[in-house]
Amino acid sequence: MNASVPLSLPLVNSSLRTDRGDASARLVDTFGRVHNNLRISVTDRCNLRCVYCMPEEVTFIDRRELLTFEEIATFVRVAAPLGINKIRLTGGEPLMRRDLHKLVALLREIPGIHDLGLTTNGLLLAEQASVLYAAGLRRLNISLDTLDPHRFRQITRRDGLQATIDGLFEARRLGFRPIKVNAVAVRGLIEHDLIPLAVFCREYGFEFRLIEYMPIGAEPWERDKVFFAHEIIEKLEREIAPLVPAPDYDPRAPAMEFDYADGRGRVGLIASVSRPFCQRCNRLRLTADGKLRHCLFALEETDLKPLLRPVCEASVLAEAIRRTVWSKWEGHEINTARFVKPSRTMHAIGG
Ligand code: SAM
Ligand code: SF4
């Protein structure tokens with residue numbers, strides 16, 4: 001490792017350049033899947049305690065172990081020439097990381113990154129939306145499982161519905177687009193809120209996204225606890241309006257997208273349990289403490305912090321990224337008896 005070559009220098013190794021159409025530069029795994037999508041967790045801390053995501057009591061990562069914004073940007077400067085062009089910031093609650101807009105501004109400047117989004121619970125959004133917008137962020141996913149304050153407390157173990165709603169409308173007022181409202185489809189929870197949330201999203205122009213409940217939280221998970229995508233479609237069609245596949249729907253994307261036939265809104269379904277998209281998966285994840293994961297459910301991770309602190313030669317980091325992608329398994333085995341739950345829960349990996 002050569003600590004004297006800063007990673008922020010332009011990469012000189014032509015094998016790392018994708019703009020020349022060099023296929024060997026891409027992040028391909030042994031199943032031929034090409035990776036362009038990176039989810040970056042900026043913190044494992046959260047101001048909620050959603051029952052499907054994390055336990056009530058948690059020991060958080062020591063702040064000194066979190067990657068700095070410059071370290072994250074360094075990673076992205078090396079990953080972008082390998083084909084990473086789409087980034088989502090997440091957590092924990094990403095808006096709990098101080099000055100997140102500064103990271104947004106750093107990432108926006110990196111050539112090749114043309115899609116940058118944020119997933120947030122929205123509690124701190126009203127106060128941060130304008131600086132995030134000024135830094136260049138446009139795409140937002142805001143998690144909201146209910147419009148009822150009592151049920152909000154039941155699901156998140158905290159209060160905060162009004163703050164989330166305020167954040168949602170402030171983002172809409174400022175011009176963030178698209179704004180998607182994410183809810184987790186847990187049987188016994190989502191049925192009560194599905195229709196009110198769907199009506200709300202239609203009314204105000206938010207895309208409604210439902211994510212099948214996955215075995216990555218602290219609670220014991222069973223398949224029976226998932227409210228499946230096909231059940232959601234049936235309920236929405238029965239109680240609101242027929243759904244038709246969205247015309248610009250990309251069948252390789254994780255979300256199945258539908259438009260209401262009356263033209264008033266869009267619904268996305270992430271059916272990770274009933275229709276796993278592993279065969280088409282193009283995602284990598286960087287945890288807040290600098291571990292690279294090839295899958296949300298991966299049982300192994302590559303510790304990149306020693307390559308970022310102190311900064312190493314770009315080619316060494318690029319090779320570590322490539323090796324992680326190459327080691328990617330065929331897919332999670334949620335639906336089999338072989339499934340093993342990762343030791344970290346969702347909040348500590350990055351959703
Ligand atoms: N705190 C932010 C938020 O809630 O939007 C970002 C992190 S959160 C872990 C990212 C997404 O993961 C959220 O949309 C959340 O609803 C989803 N999620 C958490 N636990 C889940 C689970 N067990 N199954 C499916 N989705 C889950
Ligand atoms: Fe926090 Fe998001 Fe997990 Fe809820 S889903 S506990 S808001 S990280």
Side-chain angles (χ1 to χ4, degrees), residues 39-58 60-61 87-97 100 117-125 128 132 139-146 151-161 163-164 167-168 171 179-190 193 197 206-223 225-229 232 254-255 268-277 283 285-288 293 296-297 332 334 339 341-342 344-351:
R39 297 175 91 86
I40 301 174
S41 173
V42 294
T43 180
D44 62 333
R45 286 176 166 70
C46 191
N47 40 9
L48 297 180
R49 291 287 183 278
C50 303
V51 288
Y52 46 70
C53 176
M54 67 190 284
E56 171 83 74
E57 301 293 335
V58 217
F60 292 115
I61 299 168
I87 290 179
R88 177 155 295 273
L89 301 176
T90 181
E93 175 42 44
L95 297 184
M96 289 192 73
R97 183 80 188 252
L100 188 73
L118 171 74
T119 300
T120 170
N121 63 28
L123 254 77
L124 301 173
L125 187 57
Q128 294 187 33
L132 289 165
R139 303 177 73 85
L140 277 179
N141 285 18
I142 300 175
S143 299
L144 179 62
D145 295 288
T146 181
R151 293 187 44 68
F152 188 94
R153 174 161 253 288
Q154 181 192 359
I155 296 168
T156 68
R157 303 184 181 112
R158 298 285 187 275
D159 292 320
L161 175 63
T164 300
L168 200 48
I179 300 177
K180 299 178 183 174
V181 169
N182 282 4
V184 181
V186 184
R187 190 179 299 283
L189 284 184
I190 193 68
D193 301 295
L197 279 170
F206 306 125
E207 178 174 335
F208 189 24
R209 286 224 143 173
L210 290 129
I211 313 167
E212 284 182 347
Y213 175 38
M214 297 181 284
I216 195 78
E219 299 281 303
W221 178 94
E222 288 158 30
R223 230 169 164 271
K225 292 187 181 168
V226 183
F227 194 70
F228 292 112
I232 294 169
L269 294 158
I270 305 197
S272 322
V273 180
S274 64
R275 275 187 54 175
F277 47 87
R283 292 181 175 185
R285 289 165 194 272
L286 183 65
T287 66
R293 301 172 65 87
L296 175 59
F297 296 96
H332 66 64
I334 286 180
F339 177 72
K341 195 170 152 182
R344 300 202 202 211
T345 52
M346 184 67 129
H347 79 285
I349 297 173

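Quick caveat, the model's predicted, so the values are computed rather than measured. Both counts, for ligands and for their atoms, begin at 1 and track the order of listing.
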Below 4.0 angstrom from a heavy atom of [X], which ligand 1 atoms are there? Numbered from 1 as shown, please.
| X | value |
| --- | --- |
| Ile216 | 22 (C), 23 (N) |
| Ile211 | 14 (O), 25 (C), 26 (N) |
| Gly91 | 7 (C), 9 (C) |
| Asn121 | 2 (C), 3 (C), 5 (O) |

Can you sort out which atoms of ligand 2 are near [X], meaning under 4.0 Å from one of its heavy atoms?
| X | answer |
| --- | --- |
| Gly92 | 8 (S) |
| Cys46 | 1 (Fe), 6 (S), 7 (S), 8 (S) |
| Met54 | 6 (S) |

* Lys/Arg-Asp/Glu bridge criterion (N-O < 4.0 Å) met for Lys341, Glu219 ->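 Looking at Glu219 together with Lys341, the answer is no, because their closest N to O distance does not fall below 4.0 Å.
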* **Under-4.0 Å salt bridge between Glu212 and Arg187** =>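 Here Glu212 does not pair with Arg187 in a salt bridge, since their nearest N and O are not under 4.0 Å apart.
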Considering distance alone, does some N or O of [X] sit under 3.5 Å from an N or O of ligand 1?
| X | value |
| --- | --- |
| Glu93 | yes |
| Asn141 | no |
| Met214 | yes |
| Ser143 | yes |

* Asked: Do side-chain atoms of Arg209 reach the backbone of Ile142 as a donor and acceptor pair under 3.5 angstrom?
  ->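 A pair under 3.5 Å: no.
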* Are the side chain of Gln128 and the backbone N or O of Leu95 linked by a donor-acceptor pair below 3.5 Å? ->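 It does hold such a pair.
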Report the nearest protein non-hydrogen atom to [atom]: residue, atom name, distance rounded to 0.1 Å.
| atom | result |
| --- | --- |
| atom 6 (S) of ligand 2 | Cys50 N, 3.1 Å |
| atom 3 (Fe) of ligand 2 | Cys53 SG, 2.4 Å |
| atom 23 (N) of ligand 1 | Tyr52 O, 2.8 Å |
| atom 10 (C) of ligand 1 | Gly351 CA, 3.7 Å |

Taking the side chain as C-beta and beyond, is there a heavy-atom pair between [X] and [Y] under 4.5 Å?
| X | Y | result |
| --- | --- | --- |
| Ile190 | Tyr213 | no |
| His332 | Leu296 | no |
| Leu210 | Val184 | no |
| Leu144 | Phe152 | yes |
| Val273 | Trp221 | yes |
| Ser41 | Ile349 | no |

* To do: Determine, considering heavy atoms only, which of Arg45, Lys180, Arg209, Met346 sits nearest to atom 12 (O) of ligand 1.
  =>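 Result: the heavy atom closest to atom 12 (O) of ligand 1 is in Met346.
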* To do: Would you mind finding which of Thr90, Thr345, Val184, Thr120 brings a heavy atom closest to atom 15 (C) of ligand 1?
  =>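 Selected option, by shortest heavy-atom distance: Val184.
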* Asked: Strictly by modelled atom types, are Thr119 and Arg88 linked by a side-chain donor-acceptor pair under 3.5 Å?
  ->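 Thr119 vs Arg88: donor-acceptor pair found between side chains.
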* To do: Measure the distances from the heavy atoms of Met346 to every atom of ligand 2 and state whether one is below 4.0 angstrom.
  =>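 The answer is no, since Met346 has no heavy atom less than 4.0 Å from ligand 2.
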* So is Glu212 in contact with ligand 1, going by heavy-atom distances below 4.0 Å? ->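 Contact present.
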* **Heavy-atom gap Gly92 to ligand 1 smaller than 4.0 Å** =>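 Under 4.0 Å: yes for Gly92.
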* To do: Classify the contact between Leu48 and ligand 1 as side chain, backbone, both or neither, using a heavy-atom distance cut-off of under 4.0 Å.
  =>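 Neither; nothing of Leu48 gets under 4.0 Å from ligand 1.
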* Given that the side chain starts at C-beta and the backbone is N, CA, C, O, which of these parts of His347 lies under 4.0 Å from ligand 1, counting heavy atoms, or is it both or neither? ->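 No part of His347 is near ligand 1 at this cut-off.
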* Asked: In this structure, which one of Cys50, Cys46, Ser143 forms a side chain to side chain contact (heavy atoms under 4.5 Å, CB included) with Thr156?
  ->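 Per the side chain to side chain contact (heavy atoms under 4.5 Å, CB included) rule, the option paired with Thr156 is Cys50, out of Cys50, Cys46, Ser143.
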* Asked: Under 6.0 Å from the CD atom of Glu57, do we count more than 12 heavy atoms belonging to anything else shown?
  ->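 Incorrect, the count does not exceed 12.
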